[in-house]
Undergrad: 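Would you mind keeping the following structure in view while I ask a few things?
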Number of protein chains: 2
Amino acid sequence: MRNSLGRNFTFGILQQLGQEIVTGAYGRSNPFPTEAELCKRLGASRSVLREAVKMLTAKGLLRARPRQGTWVEPEENWNLLDPDVLRWLMERKFSAQLLLEFTQIRLAMEPMAAALAARHADVAAKAKIRQAMERMKAADKGEDDPLTSDIAFHVAILEASGNRFYAQLRDIIEAALRTSIQLTNRRKGVRLASVADHQKVADAIFGGDIEGARQSMHALMMEAMTLIEAAANGTAAEDAV
Amino acid sequence: MRNSLGRNFTFGILQQLGQEIVTGAYGRSNPFPTEAELCKRLGASRSVLREAVKMLTAKGLLRARPRQGTWVEPEENWNLLDPDVLRWLMERKFSAQLLLEFTQIRLAMEPMAAALAARHADVAAKAKIRQAMERMKAADKGEDDPLTSDIAFHVAILEASGNRFYAQLRDIIEAALRTSIQLTNRRKGVRLASVADHQKVADAIFGGDIEGARQSMHALMMEAMTLIEAAANGTAAEDAV
DNA sequence: GCTGCATATATGTATGATAAATGCGCGTCT
DNA sequence: AGACGCGCATTTATCATACATATATGCAGC
């Protein structure tokens with residue numbers, strides 16, 4: 001039974017190749033194989049292989065031309081904001097540097113999203129934020145999962161912004177948080193931002209306090225950033241172990 | 001000769017289907033056709049059609065299951081930050097609202113990128129910014145293209161940030177600017193931000209003035225935002241004509 | 001040394017056959 | 001009557017193969 005990776009065979013090949021590519025498995029010394037070679041190596045027909053390669057092309061990882069072959073695109077052309085690409089990177093080529101760069105994105109976006117949420121959030125959106133806060137409180141008492149409730153909180157705010165682009169960050173922030181927790185957790189019991197700090201953000205949004213929402217979310221992000229910067233300077237040696 | 005759309009047949013089908021999808025051509029009343037039907041309609045073989053569909057799947061626009069068929073995903077699952085998707089939207093389903101939401105992203109990201117650039121930019125990155133400034137000055141005198149030189153300026157700063165995610169915004173900002181110019185230009189002679197305002201940003205970056213870079217870029221973005229908000233409120237009727 | 005044609009090799013396209021997944025309806029058993 | 005399960009039909013998924021097209025490379029001719 002091939003279908004063990006979640007969906008279908010093509011999807012599995014996509015994951016495997018995607019992960020291999022982002023980890024730098026193919027380069028000058030080991031160029032990306034030809035169609036026929038990959039088929040043999042992966043035990044796949046040309047159809048599935050080509051479809052997987054096309055998907056990777058669509059994500060900016062590969063490019064192909066007749067006679068010249070298929071090659072891995074330079075990293076600056078990868079669609080880093082594609083959920084799959086970011087997940088592969090985070091899971092297979094995690095580095096504190098990568099997480100730091102990503103958090104710089106969150107540092108810019110999330111305060112703005114909170115401000116927009118304070119301005120536009122409708123009843124349903126606020127209810128979702130409130131619900132996430134409940135989960136965080138429960139998690140604080142050990143009655144819910146801290147990671148997923150934290151994700152739910154940030155996602156709820158992004159969606160409450162009423163801006164489709166901010167809402168789109170949902171998947172990539174989820175991917176990043178889900179893997180980055182490893183780093184911060186590894187450093188003995190460093191606690192993430194407190195429930196109270198999250199509550200401040202929520203309250204500002206509920207009260208329509210635009211600047212308050214922006215600033216309290218900014219504070220939250222700076223907390224995370226500080227932790228990551230410390231880890232980036234501290235775990236280089238540990239990572240090698 | 002089929003190869004008139006830039007690359008190959010598959011690529012052309014990808015563009016066409018992508019544009020059709022984002023404009024809402026397929027919905028409840030007109031579900032996405034089956035493989036065989038599309039092949040006939042587009043005069044394409046199953047290979048190219050399936051590969052194009054896979055690429056659209058990779059961008060979050062489509063999803064397929066045996067017996068159930070292929071369908072257009074709800075809009076919140078589209079990868080709006082994929083350059084292709086954004087371009088299709090901007091070119092084929094342009095709206096002031098969409099541009100406004102996108103500019104809210106720029107409003108958050110670009111000041112941060114400028115701040116990072118003021119902090120990290122190396123000699124080469126600064127040279128590129130300087131070069132873009134020269135182009136803008138030339139454009140102001142009618143000796144260069146205003147649009148592409150403006151794009152070059154913003155892209156140079158994004159790349160100077162030293163953050164891969166910010167650098168990745170290059171393509172989507174280019175796509176947005178290239179099409180959005182229509183809107184602002186349509187309103188008789190509204191001028192874009194002045195060369196002097198851009199120069200302020202550049203100078204702050206050259207001088208390592210982090211907060212200055214952030215603030216001057218923020219001012220630049222607010223200028224653009226104001227124009228777009230005005231257009232969003234003003235051109236609704238015009239657009240209908 | 002240059003031009004241009006032949007050729008080899010990679011991807012691109014076309015097509016037929018078969019497998020697998022799954023909604024739906026029919027029939028059966030209780 | 002109702003619940004259960006079996007088989008059928010439909011659509012994508014996969015496989016195999018043939019042929020087309022683009023293009024880097026090298027040889028031939030000047």
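The analysis underlying the following values was restricted to heavy atoms, covering all of them including side chains, and did not include hydrogens, waters or symmetry mates. Letters A, B, ... are given to chains in the order of the sequence lines, protein chains preceding strands, and every chain is numbered from 1. What you see is a predicted model; the values in this text were computed from it and never measured.
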Undergrad: Nearest whole angstrom, please: distance from the P of D:dC15 to the CD1 of A:I13.
TA: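 Taking atom P of D:dC15 as the reference, CD1 of A:I13 is at 8 Å.
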
Undergrad: Tell me the interatomic distance from A:E35, atom CD, to C:dT9, atom C1', rounded to whole angstroms.
TA: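 After rounding, the gap between these two atoms is 12 Å.
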
Undergrad: Counting only side-chain nitrogens and oxygens, does B:R50 get under 4.0 Å of the OP1 or OP2 atom of D:dA13?
TA: yes

Undergrad: Please round to the nearest 0.5 Å and tell me the distance separating atom CG of A:L107 and atom CE of A:M221.
TA: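 Rounded to the nearest 0.5 Å, the CG-CE separation comes out at 8.0 Å.
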
Undergrad: What about A:R67, does its side chain sit under 3.5 Å from the base of C:dA8 through a donor-acceptor pair?
TA: yes

Undergrad: What is the distance from CD of B:E51 to C1' of D:dT14, rounded to the nearest Å?
TA: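 It is 14 Å, rounded to the nearest whole Å.
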
Undergrad: Out of curiosity, B:R65 CZ to B:W71 CH2, how far, rounded to the nearest 0.5 Å?
TA: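 One finds 5.5 Å between CZ of B:R65 and CH2 of B:W71.
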
Undergrad: Does B:S47 make a side-chain N or O approach to OP1 or OP2 of C:dT15 shorter than 4.0 Å?
TA: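 For C:dT15, OP1/OP2 do not have a side-chain N/O of B:S47 under 4.0 Å.
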
Undergrad: Below the 4.0 Å mark, does C:dT11 have OP1 or OP2 next to a side-chain nitrogen or oxygen of A:T70?
TA: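 Indeed, a polar side-chain atom of A:T70 lies that close.
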
Undergrad: Atom CG of A:L14 to atom C1' of D:dA13: distance rounded to whole Å?
TA: 15 Å

Undergrad: Cation-pi check, B:R135 to B:F153: give yes when NZ or CZ is under 6.0 Å from the six-membered ring centre and within 45° of the ring axis, no otherwise.
TA: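 The answer is no; the distance or angle limit is not met.
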
Undergrad: For B:E37 and D:dT10, give me the distance from atom CD to atom P, rounded to whole Å.
TA: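 It works out to 13 Å between those atoms.
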
Undergrad: Check every atom of C:dG12, D:dT23, D:dT14 against the side chain of A:R46 and return the nucleotide holding the closest atom.
TA: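 For the A:R46 side chain, the nearest candidate turns out to be C:dG12.
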
Undergrad: Please state whether the phosphate of C:dA10, meaning OP1 or OP2, lies under 4.0 angstrom from any side-chain nitrogen or oxygen of A:R65.
TA: no

Undergrad: Considering only NZ, NE, NH1 and NH2 on the basic side and carboxylate oxygens on the acidic side, decide whether A:E51 and B:R46 come within less than 4.0 Å.
TA: no

Undergrad: Separation of B:M55 atom CE from C:dG12 atom C1', in whole Å?
TA: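 In whole Å, C:dG12 C1' lies 11 Å from B:M55 CE.
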
Undergrad: May I ask you to decide whether B:K137 forms a salt bridge with B:D140, counting only side-chain N to carboxylate O separations under 4.0 Å?
TA: no

Undergrad: Using only side-chain N and O atoms of B:Q68, determine if any of them is under 4.0 Å from OP1 or OP2 of C:dG23.
TA: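 So the side-chain polar atoms of B:Q68 do come within 4.0 Å of the phosphate oxygens OP1 or OP2 of C:dG23, strictly under.
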
Undergrad: Report yes if at least one side-chain N or O of A:S45 is closer than 4.0 Å to OP1 or OP2 of D:dT14; otherwise report no.
TA: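 No, no such contact exists.
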
Undergrad: Between D:dT14 and A:T10, is there an OP1 or OP2 to side-chain N/O distance shorter than 4.0 Å?
TA: yes

Undergrad: Could you state the atom-to-atom distance from CG of A:N8 to P of D:dT12 in whole Å?
TA: 13 Å

Undergrad: Just compare C:dG12, D:dA13, C:dT13 and give me whichever is closest to any side-chain atom of B:P66.
TA: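 From the listed options, D:dA13 comes nearest.
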
Undergrad: Between A:K54 (NZ) and C:dG12 (C1'), how many Å, whole number?
TA: 8 Å

